[in-house]
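Heads up: the structure comes next, in structure tokens.
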2 protein chains.
Amino acid sequence: MADEALSAGAVARRLGVAVTTLRTWHQRYGLGPSRHVPGQHRRYTAQDLNRLEVMLRLTSQGVAPAEAAAWARRTPVPAVVSAPVLPPDVPSPTPILGSGASGRAPMPGDGPDISSRAPGPDFSGPAPVPGHGPDGGGLAIPLGPVVPAARGLARAAMRLDAALMRDILAAAVVETGVVTAWNEVALPVLTGIGERYEATRRFVEVEHLLSRCVTEVLSAVPRPPTATTPRILLAAADEEQHILPLEALAAALAEEGIPTRLLGARVPPQALEDAISRTGPTAVVLWSSIPHPSNATQLARVATHPHPPLLLAAAGPGWQQPDIPEGVARLTALIPALNLLRTVAA
Amino acid sequence: MADEALSAGAVARRLGVAVTTLRTWHQRYGLGPSRHVPGQHRRYTAQDLNRLEVMLRLTSQGVAPAEAAAWARRTPVPAVVSAPVLPPDVPSPTPILGSGASGRAPMPGDGPDISSRAPGPDFSGPAPVPGHGPDGGGLAIPLGPVVPAARGLARAAMRLDAALMRDILAAAVVETGVVTAWNEVALPVLTGIGERYEATRRFVEVEHLLSRCVTEVLSAVPRPPTATTPRILLAAADEEQHILPLEALAAALAEEGIPTRLLGARVPPQALEDAISRTGPTAVVLWSSIPHPSNATQLARVATHPHPPLLLAAAGPGWQQPDIPEGVARLTALIPALNLLRTVAA
DNA sequence: CAATCGACGCAGCAATCGACGCAACCTCAG
DNA sequence: CTGAGGTTGCGTCGATTGCTGCGTCGATTG
């Protein structure tokens, strides 16, 4: 497997970016094949690929591209390479420089120097948490001001990098807890992609994959010991497809030691009633993201159940005022929901 | 026909390529007779011919020649391969033709096809046949003869005891591995409940919860380190809702250290194409549990993608004979699927 | 003497090149 | 809240590169 020099297209496909992007990275950040003659086709060696992967990883962590590039550029060169092989003749080998849209200063003697033109000249040291600058356009997800982790998650999602998405989410959960991880990392990206989808009718696959990763991470939150029987039932309304918020709720409760029973999506009224009859929960949370004619009925049937739960809550934006009978709580956000359910769990 | 060493001309005629091409392939890609002294005539053994056939099949499928060659070169010596179905004569069809339309020819009756429908000799272990034996009675799930764990799982499912279900499944995975846990524990109960549902139109909530637990346990199987980029793409056909089998496949592969990219359910054709374009997978598995008119289109679109995967497989019972183009593998059980994908993972 | 061999050349085509532009996103000033 | 300014990923365009299959040629092989 000696010199498997990959073409630009191959690399692009492998990394999940556009070919043009590779070219742009090369001329904007000098992040290209180490040996490349202008006009000739680019041939990426394993090292070059390595650098690009660093670049990807960093940007996926929320680092601003320009900075990530500066970092990637100085990625360790596999031992056996002698002096910076770069004959002085080469006209304009690696055009660094990032500012001026067109300005491209050859910049004499630019071998190993390169300090990012960004804020700090170059603080060497792996400091993986630099501030984030403006985020890229193009195929990006509108996020607004969010934490870096969310930005990274969005990038990883667009690249369909499930492993990285899981890592980011899991890290967020561990560091900040389920609630914050949900509110500040997962949710912004989820809604961002949702908007993206509404606007372009594309990126369904991104949405799917992200949902799946969120589900996996949430379900990995350790559950309370099986000794305690769940007294809280979480279910989606009939015809309701998404239950990610319920999963977040379940995970958040689990984090506090409160077990729940989470039925899946699209729970028909009959099934819900059966479940209530058979498990006699103290609280029932019904989730609905979009209004549906059957929602009111669903709620009413639970409310008039022979053994109604102590607490019945209608969660999500899918409920409309007239749907909600007396004594049914309304939930629209994670934290209030937690507060409410906590009282019932005692 | 043991050691029938074919000459270059004979092989060329048999494969339908020019003699010069064989020579070119030899010197350019090292794809020639394994034992050959320069200057001497080439003598192709059955193996060598095999390799060439792989080369042909891949290229006629749209794979870039250089890549196809690399692939063919490392083709293991398949012990039992069906004899090359092709009458020895074939005088005319050889498209010797001068220049004119060269390059790629659609080639309807692509002779040397071999494998393509690789999963031929499968039918091994799987046979999920839950059968239906003495029914348990009461609120039970018809299972037939199964391992105790499955019986326990069914009971836990009927009681909506998610924690217990997870425990049972997790234990099965740890003790017997993903494949056996799926085939002998999860699958029987899943199909059992499915039948139950078909018959009574009830227990949807049980089905949901069980699915969810299976998903959770499968997704908890440790994934290979993120360093290795997945080269296998798993996706559900358009309109397809369930992907549990794909999740099992992903988990089983993960268990062997093979990473995958699992898109969610209901992947629209456009999204699938986008994903393929952006990640350039080596293999694509399309799952469909029930026949759907758009299935054929979906498959065809992938097959005619500018960068088709080396291996394209139609998995699940939702595929019908006419849907499946040339060179697309058919998968109906977990073990054969594993065997096939393992070869591509190298 | 027919079939092959290695070397060379050629034409078609897909991939890629550089340049340019666009749209979206973010920041910051007003 | 609005608008200007900077960043960034990527689509598009005409030109170039280089891969690929195969014909041709003089020399060998069987």
Side-chain angles (χ1 to χ4, degrees), chain A residues 5-13 15-29 32-33 36-44 55-56 59 64-69 92 95 98-102 104 117-118 131-146 151 154-155 158-159 192 195-196 199-200, chain B residues 6-13 15-29 32-33 36-44 55-56 59 62 64-69 94-105 277-278 306-307:
Chain A
L6 292 168
S7 73
V11 171
R13 231 168 298 124
L15 297 181
V17 301
V19 184
T20 30
T21 302
L22 287 184
R23 240 178 290 140
T24 304
W25 284 0
H26 189 184
Q27 43 192 73
R28 285 218 264 247
Y29 313 125
H36 169 248
V37 189
Q40 237 71 336
H41 284 191
R42 292 175 175 79
R43 284 293 137 78
Y44 291 86
M55 170 77 174
L56 273 183
T59 54
E67 202 166 345
S92 61
S99 46
S102 58
R104 240 178 347 123
R117 42 92 220 153
H132 65 280
D135 202 41
L139 277 190
I141 300 174
L143 288 179
V146 293
R151 222 164 278 282
R155 272 172 199 284
M158 288 307 283
R159 294 214 327 272
E195 287 167 19
R196 198 58 164 177
T200 64
Chain B
L6 293 166
S7 75
V11 171
R13 232 167 297 120
L15 297 183
V17 300
V19 186
T20 27
T21 302
L22 287 184
R23 240 178 289 139
T24 304
W25 283 1
H26 188 186
Q27 45 192 68
R28 283 219 266 248
Y29 312 124
H36 169 250
V37 191
Q40 235 72 336
H41 284 194
R42 292 175 174 79
R43 282 294 140 78
Y44 290 86
M55 171 77 176
L56 263 187
T59 51
E67 199 175 348
T94 31
I96 15 183
L97 238 291
S99 43
S102 65
R104 58 206 354 280
S277 297
R278 274 188 289 159
H307 283 276

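Residue numbers start from 1 in every chain, and the chains themselves are labelled A, B, ... in the order their sequence lines are given, proteins ahead of strands. No experiment lies behind these values; they were computed from the predicted model shown.
Atom CZ of B:Arg13 and atom P of C:dT4 are 7 Å apart (whole Å). Look at NE2 on A:His41: it is 13 Å from P on D:dT20, rounded to the nearest Å. Atom-to-atom, CH2 of B:Trp25 to P of D:dC19 comes out at 17 Å; the value is rounded to the nearest Å. Atom-to-atom, CD of B:Gln27 to C1' of D:dC19 comes out at 14 Å; the value is rounded to the nearest Å. The distance from atom CZ of B:Arg23 to atom P of D:dA27 is 16 Å, rounded to the nearest whole Å. At whole-Å resolution of the value, CE in A:Met55 and C1' in D:dT7 are 12 Å apart. B:His26 places its NE2 atom 16 Å from the P atom of D:dG21, with the value rounded to the nearest Å. In this structure, A:Arg42 atom CZ and D:dT16 atom P are separated by 17 Å, rounded to whole Å.
Distances were taken from every side-chain heavy atom of B:Ala18 (C-beta onward) to each of C:dC17, D:dG11, D:dC22; the shortest belongs to D:dC22. Among the nucleotides D:dT12, D:dT8, C:dG6, the one closest to any side-chain atom of A:Pro65 is D:dT8. Considering only side-chain atoms of A:Arg151, the nucleotide from C:dG6, C:dC26, D:dC22 that sits closest is C:dC26. Out of C:dC25, C:dC5, D:dG23, the shortest distance to the side chain of A:Arg196 is found at C:dC25. Comparing D:dT20, D:dC22, D:dT8 by their closest approach to the side chain of B:Thr21 singles out D:dC22. When distances are taken from the side chain of A:Ala8 to each of C:dC17, D:dT20, C:dC26, the shortest belongs to C:dC17.
Residue-level contact check: B:Ala66 touches the backbone only, with heavy atoms under 4.0 Å from sugar-phosphate atoms and none from bases. At a threshold of 4.0 angstrom between heavy atoms, the contacts of B:Arg28 include nucleobase atoms, whether or not backbone atoms are also involved. In this structure, A:Arg43 reaches the sugar-phosphate backbone alone: every heavy-atom distance under 4.0 Å involves primed, P, OP1 or OP2 atoms, never a base. Among the heavy atoms of the strands lying under 4.0 Å from B:Gln40 are primed sugar atoms or P, OP1, OP2 only; no base atom is included.
Pairing of D:dA27, defined by two Watson-Crick or G-U wobble distances under 3.5 Å, is identified with C:dT4. Applying the Watson-Crick and G-U wobble criteria (two distances, each under 3.5 Å), D:dG9 pairs with C:dC22.
With hydrogens and angles ignored, a donor-acceptor pair closer than 3.5 Å exists between the side chain of A:Thr24 and the base of D:dC10.
Counting heavy atoms from C-beta on, the side chains of B:Arg28 and B:Pro65 never come closer than 4.5 Å.
Ring pair A:His36/A:His26: centre-to-centre distance below 6.0 Å.
Neither OP1 nor OP2 of C:dA14 sits under 4.0 Å from any side-chain N or O of B:His307.
Under the 3.5 Å distance criterion, the side-chain polar atoms of A:Thr59 are matched with a main-chain donor or acceptor of A:Met55.
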